[in-house]
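Following: one structure in structure tokens, then a few remarks.
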Amino acid sequence: MAVLVTGGAGYIGSHTCLELIAQGYNVVAVDNFCNSQPESITRVKELAGKSFPFYEIDVRDESALDEIFKNHDTDCIIHFAGLKAVGESVKVPLMYYNNNLLSTIALCSAMKKYNVKRLIFSSSATVYNGANEMPLTEKSLTGGCTNPYGWTKFMCEQILRDTAQSEQDWSIILLRYFNPIGAHISGMIGEDPSDTPNNLMPYISQTAIGRLKCLSVYGGDYPTNDGTGVRDYIHVDDLAKGHVSAIKYSTAHTGTEVFNLGSGVGTSVLGLITAFETASGVKIPYEIAGRRPGDIAVCYASAEKAAEILNWRAEKSIAEACADTWRWQSLNPYGFKNKL
């Protein structure tokens, strides 16, 4: 079976390409490298012990998509490609709406043209409303998103639902991620933000390696066990396996289905820092800063639906994710680049 992976050079995309190949799938990957590096694809091929077609394109480019669909007999698409920095989306919302929505529309148009009707979509827990009780289930209230990035995922979900509704042979799986962390156990691929990290784990690891001086912890007065925000962290390898489980499910089901991909366990910011210090042996300097607008105290998933229907559960621990992240950061102090 051939799978086209958009955003295949990115953090989650690269790990998923590797998992797909390990499980016997043929991979075709595309990326425009706006937030990734070509070296990522080189290393995935090295780890896999196998080459695969890769194209440097923007998914909004319909003529480029045409060429890929003409040249490759594709059975299923995993759509990762998209801008994902919450803070940046607030500053440049039009760029986010243009990129994330138009890439999804262009991809679906190409799929319809070439009669490829199976899509796994990279969605996010940001589509859930902040007023929900925890844990979040797939039936929890969505909308009321606190930033343009979240709204783009919400809107893409609606575009895909409507697409699946229009013709009965579409199979679309919406995977709502929580907080991916960790890296491949080899230390060869991992999260490599192109600028100052927006996510907690790479900020911790870059502070540990000395690239950043101090970690800012946003909010120390939440109603949690230590006053810091609680989130659901999931190892990127487990997340990659979740996509393979979704592909298998899609082969026998049509319509639209939604699954949370999370650990089902909440970990505080200070808890994650402590776990990383234990794994690395490095003390992380941090300071408590004010709360960020839109942040909530606690957010974690119920992953029971994925366990029941996809036969998938997150298996790797926070300790393993921290150890794997530290291995990646230690071996690659500046990520895929040799130096800044």
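The CG atom of L215 sits 7.5 Å away from the CD1 atom of I284 when rounded to the nearest 0.5 Å. Between atom OG1 of residue T163 and atom NZ of residue K117 there is a gap of 10.0 Å, rounded to the nearest 0.5 Å. Rounding to the nearest 0.5 angstrom, the gap separating the CG atom in N199 from the OG atom in S205 is 10.5 Å. Distance check, rounded to the nearest 0.5 Å: CG of D169 to CG of N115 gives 6.5 Å. The CD1 atom of I173 lies 11.0 Å from the CD1 atom of I78; values are rounded to the nearest 0.5 Å. From N32, atom CG reaches atom CG of N99 across 7.0 Å, with rounding to the nearest 0.5 Å.
Here H15 and F80 keep their ring centres 6.0 angstrom or further from each other. The aromatic ring centroids of Y249 and F259 lie less than 6.0 Å from each other.
At a cut-off of 3.5 Å, with distance as the only test, a side-chain donor of T6 or H79 sits close to an acceptor on the other residue. Residues S123 and Y177 bring no donor and acceptor atom of their side chains to less than 3.5 Å of each other. There is a side-chain donor-acceptor pair under 3.5 Å between N332 and R43.
Shown here for G262 and A314, the closest heavy-atom pair between the two residues is O-CB, 4.0 Å. Across I12 and V236, no two heavy atoms sit closer than the pair CA-CG2, 4.1 Å.
Paired with D324 under the rule side-chain hydrogen bond (donor to acceptor under 3.5 Å, both in side chains), one option of Q329, H184, H235 passes, and it is H235.
In this structure, the side chain of D66 does not engage the main chain of A110 through any donor-acceptor pair within 3.5 Å. Side-chain atoms of E39 do not come within 3.5 Å of backbone N or O of K337 as any donor-acceptor pair. Between the N129 side chain and the T142 main chain, no donor and acceptor come within less than 3.5 Å of each other. The backbone N or O of G82 lies less than 3.5 Å from no partner atom in the side chain of N100, so there is not a single donor-acceptor pair. Between the side chain of N132 and the backbone N or O of S140 there is no donor-acceptor pair closer than 3.5 Å. Distance alone, capped at 3.5 Å, places no donor-acceptor pair between the Y97 side chain and the L102 backbone. Proximity of a side-chain donor or acceptor of N260 to a complementary backbone N or O of K305 within less than 3.5 Å is not detected. Panel note: side chain S40, backbone S36; no donor-acceptor pair is recorded below 3.5 Å. Of the possible polar contacts, one joining the R327 side chain to the I185 backbone as a donor-acceptor pair under 3.5 Å is found. At distances below 3.5 Å, at least one donor-acceptor pair connects side-chain atoms of D31 with backbone N or O atoms of A9.
The salt bridge (Lys or Arg N to Asp or Glu O under 4.0 Å) contacts involving residues 270-292 comprise D221-R291, E277-K283, R292-D295, where partners must be two or more places apart or lie in separate chains. Here ring pair (Phe, Tyr, Trp, His ring centres under 6.0 Å) pairs that include residues 262-298, with residues two or more places apart or in two chains, are F276-W326. For residues 31-69, the set of pairs meeting the ring pair (Phe, Tyr, Trp, His ring centres under 6.0 Å) definition, not counting sequence neighbours, comprises F33-F54, Y55-H72, F69-Y114. Annotation: side chain to side chain donor-acceptor pair (under 3.5 Å) contacts involving residues 81-94, sequence neighbours excluded, comprise E88-Y96. Sorted by first then second residue, the ring pair (Phe, Tyr, Trp, His ring centres under 6.0 Å) pairs that include residues 151-172, not counting sequence neighbours, are W151-F154. Residue pairs meeting the salt bridge (Lys or Arg N to Asp or Glu O under 4.0 Å) criterion with at least one partner in residues 172-189, sequence neighbours excluded, are E157-R176.
Listed by chain and number, the residues in a salt bridge (Lys or Arg N to Asp or Glu O under 4.0 Å) with K112 are E167 (sequence neighbours excluded). Applying the salt bridge (Lys or Arg N to Asp or Glu O under 4.0 Å) rule to R231 yields no partners; only residues at least two apart in sequence or on another chain are considered. For S317, the side chain to side chain contact (heavy atoms under 4.5 Å, CB included) partners at least two apart in sequence or on another chain are A319, E320.
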Contacts table for residues 18-28: side-chain donor-acceptor under 3.5 angstrom, sequence neighbours left out:
{"from": "E19", "atom 1": "OE2", "to": "Q23", "atom 2": "NE2", "distance (Å)": "2.6"}
{"from": "Q23", "atom 1": "OE1", "to": "K248", "atom 2": "NZ", "distance (Å)": "3.3"}

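Taking the side chain as every heavy atom from C-beta outward, V298 and Y300 approach each other to under 4.5 Å. Side-chain contact between V86 and N198 is absent, with no heavy-atom pair separated by less than 4.5 Å.
Think of L331 as one node in a network of Ile, Leu, Val, Met, Phe, Trp and Tyr side chains linked at under 4.5 Å; it has no links at all. Through direct or indirect side-chain contacts shorter than 4.5 Å among Ile, Leu, Val, Met, Phe, Trp and Tyr, V90 is connected to no other residue.
Between D75 and R118 there is no salt bridge, since no side-chain N of the basic residue sits under 4.0 Å from a carboxylate O of the acidic one. Look at E257 and R161 and you find no salt bridge, because none of the NZ, NE, NH1 or NH2 atoms lies under 4.0 Å from a carboxylate O.
Placement of I57 and M111 within a single hydrophobic cluster is found when ILVMFWY residues are connected by side-chain heavy-atom separations under 4.5 Å, directly or transitively.
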